Amino acid sequence: MNISFVSVRLRDICLSDKSRKKEFGEVGAKILRHRLEQLANAANLEQMRVLPGHWHELKGTRWGQLAANLDGANRLIFQPDHDPIPTKPDGGLDWNHVTAVMIIEVTDYH
C-alpha cells in the first residue's frame, strides 16, 4: 500500500527510529513502526482487518478517518488517499479498493 503523510514533520517523526522513540517512547515507537510496516506490506486496506491493531473507521467529527491502536490510548490516524474515495453501493468505505493512505496524526483522541 502507498503511504503518504499530512506533513513533512510527521513523516520525519514516523520514519526515524530516533524521532519515534523521542515522541512516543520505546514501546510506542516499536508499535508505530510495526503498524506502518503492516500498512506498507498490505495490498489493500481490507487485509488490515485480520491483523493486530484493531483497524477501524472513526465516527462523528472524525468521519472519513480510520485508526489503529498503538500503545495505551494512542492511535495511528489515517485516511484513504484516493480521489474519489472508493465506496460501496451503500455509501460505506470499500476497504478492498483502498490502496493508498495518508497518515494524519498519532494521538489519543479519547
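This one's a predicted model, so the numbers in the text were calculated from it and none came from an experiment. Residues take their numbers from the sequence shown, with the count starting at 1.
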Which heavy atom in F5 sits nearest to a heavy atom in M102, and how many Å separate them?
C-CG, 3.9 Å
Taking only residues two or more places apart in sequence, or in another chain, which ones meet E105 in a side-chain hydrogen bond (donor to acceptor under 3.5 Å, both in side chains)?
R62
If you round to the nearest 0.5 Å, how far is CH2 of W95 from CD of E57?
5.5 Å
Value for CH2 (W55) from CG (L76), rounded to nearest 0.5 Å, stands at 6.0 Å
So, do I31 and N74 sit near enough that their side-chain heavy atoms are less than 4.5 Å apart?
no
Nearest-0.5 Å distance that lies between atom CD in E23 and atom CG in L10:
9.5 Å
Least distance between heavy atoms, L45 atom then F78 atom:
CD1-CE1, 3.8 Å
Decide yes or no for P80 and L66: does some side-chain heavy atom of the first lie under 4.5 Å from some side-chain heavy atom of the second?
yes
Donor-acceptor pair, distance only, cut-off 3.5 Å: does the side chain of H82 make one with the backbone of A100?
yes
Which heavy atom of R20 sits nearest a heavy atom of L15, and at what distance?
NH1-C, 3.6 Å
Nearest heavy-atom pair of F24 and A29: which atoms, and what distance?
CB-N, 3.9 Å
To the nearest 0.5 Å, tell me how far N96 CG sits from R49 CZ.
8.0 Å
ILVMFWY cluster membership beyond L58 - transitive side-chain contacts under 4.5 angstrom:
I77, I104, Y109
Any donor-acceptor pair under 3.5 Å linking the side chain of N44 with the backbone of Q47?
yes
For a 4.5 angstrom cut-off between non-hydrogen side-chain atoms, does V106 reach I13?
no
Any carboxylate oxygen within less than 4.0 angstrom of a Lys/Arg side-chain nitrogen, looking at K30 and E26?
no
Heavy-atom nearest pair, M1 first then V98, reads CE-O, 4.0 Å
If you round to the nearest 0.5 Å, how far is NE2 of H97 from CD1 of I85?
15.0 Å
Has the side chain of R75 got a donor or acceptor atom that lies under 3.5 Å from a matching backbone atom of A73?
yes
Any heavy-atom pair between the side chains of R33 and L36 that's under 4.5 Å?
no
What pairs with T107 under side-chain hydrogen bond (donor to acceptor under 3.5 Å, both in side chains), at least two apart in sequence or on another chain?
none
4.5 Å side-chain heavy-atom contact, Q38 and P52
yes
Please report the closest heavy-atom contact between N69 and H54, naming both atoms and the distance.
ND2-CB, 3.5 Å
When rounded to the nearest 0.5 Å, the distance separating CG of D17 from NZ of K22 is 15.0 Å
What I'd like to find out is whether the side chain of R11 reaches to under 4.5 Å of the side chain of I103, using heavy atoms alone.
no
